[in-house]
Amino acid sequence: MSNRYLYTKVIKESDTNKSYYESTIYPKINPSDSDLYIISEGGDRLDLLAKKYYNDTTKWWIIAVANNLNDGNFFVEEGRQLRIPIDLSQITYDLEQLNK
């Protein structure tokens, strides 16, 4: 399952009736023999790479998590080696961490 909000709790405020997500705990994405390794080019962005490799821009976070890109920037510096996980069934959630 590659839904980044799969185990994110939704909080609903009773007085305002507004809902929001708690902090998201991302899954662990272990290296796999099926992973691709690429060198980023000028203008590469996480969402565009996700579109290219997964045909889904919303899966940008998989590339970000796999490559420890935690700065909130969609742009990737040119010349950086990136791991592109291909077998998304290998994405696992640490249920022990989720229950803390």
Side-chain angles (χ1 to χ4, degrees):
M1 173 60 87
S2 60
N3 180 347
R4 70 183 177 134
Y5 295 114
L6 183 64
Y7 292 106
T8 303
K9 293 179 183 174
V10 177
I11 305 298
K12 189 168 189 170
E13 294 179 348
S14 59
D15 55 338
T16 63
N17 211 25
K18 291 184 180 180
S19 297
Y20 60 92
Y21 289 110
E22 281 191 345
S23 296
T24 299
I25 297 174
Y26 288 101
K28 185 173 184 179
I29 304 176
N30 293 318
S32 169
D33 291 340
S34 66
D35 292 347
L36 290 177
Y37 288 86
I38 65 165
I39 303 297
S40 63
E41 298 176 354
D44 275 348
R45 293 188 343 220
L46 295 174
D47 57 337
L48 297 177
L49 291 169
K51 175 69 172 169
K52 180 177 181 178
Y53 293 102
Y54 306 130
N55 200 32
D56 184 345
T57 58
T58 66
K59 292 185 177 167
W60 61 268
W61 64 272
I62 295 170
I63 299 168
V65 170
N67 292 281
N68 295 317
L69 300 174
N70 305 348
D71 61 3
N73 188 354
F74 268 53
F75 288 95
V76 180
E77 68 182 278
E78 185 174 355
R80 181 180 177 131
Q81 179 177 300
L82 295 173
R83 178 169 65 97
I84 310 293
I86 297 302
D87 184 0
L88 301 185
S89 70
Q90 298 299 313
I91 296 174
T92 59
Y93 288 84
D94 183 351
L95 297 178
E96 198 171 292
Q97 175 70 23
L98 293 171
N99 292 324
K100 287 185 178 181

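Predicted model only: the values in this text are computed from it and were never measured.
Summarising the geometry, atom CG belonging to Asp35 is positioned 12.0 Å from atom CD1 belonging to Ile38; distances are rounded to the nearest 0.5 Å. Note that CG of Leu46 and CG of Leu82 are 7.5 Å apart. Values are rounded to the nearest 0.5 Å. Residue Asp47 holds its CG atom at 14.5 Å from NZ of Lys59, rounded to the nearest 0.5 Å. Going from atom CD1 of Ile29 over to atom CG of Leu88 covers 8.0 Å, rounded to the nearest 0.5 Å. The distance from the CG atom of Leu36 to the CG atom of Leu49 is 11.5 Å, given to the nearest 0.5 Å.
Remark: Lys51 pairs with Asn55 by the side-chain hydrogen bond (donor to acceptor under 3.5 Å, both in side chains) rule, at least two apart or across chains. Every residue meeting the side-chain hydrogen bond (donor to acceptor under 3.5 Å, both in side chains) condition with Thr16, not counting sequence neighbours, appears here in chain and number order: Glu13. Ser34 meets the side-chain hydrogen bond (donor to acceptor under 3.5 Å, both in side chains) test with Ser32; sequence neighbours excluded. Shown here are the side-chain contact (heavy atoms from CB on, under 4.5 Å) partners of Ile11, two or more places apart in sequence or in another chain: Tyr20, Glu22. Partners of Glu41 under the side-chain hydrogen bond (donor to acceptor under 3.5 Å, both in side chains) rule, at least two apart in sequence or in another chain, do not exist in this structure.
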Name each donor-acceptor pair under 3.5 Å that joins a side chain in residues 65-75 to protein atoms two or more places apart or in another chain, with its distance.
residue : atom : partner : partner atom : Å
Asn67   : OD1  : Arg83   : N            : 2.7
Asn67   : ND2  : Ile63   : O            : 2.8
Asn67   : ND2  : Arg83   : O            : 2.8
Asp71   : OD1  : Asn73   : N            : 3.0
Asn73   : OD1  : Phe75   : N            : 2.9

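Note on residues 27-47: no pairs pass ring-ring contact (aromatic ring centres under 6.0 Å, His included), not counting sequence neighbours.
Counting heavy atoms from C-beta outward, Lys12 and Asn17 have side chains that approach closer than 4.5 Å. At a threshold of 4.5 Å between non-hydrogen side-chain atoms, the residues Leu48 and Trp60 do not count as touching.
Atom CG of Asp15 has more than 12 neighbouring heavy atoms from other residues, nucleotides or ligands inside a 6.0 Å radius.
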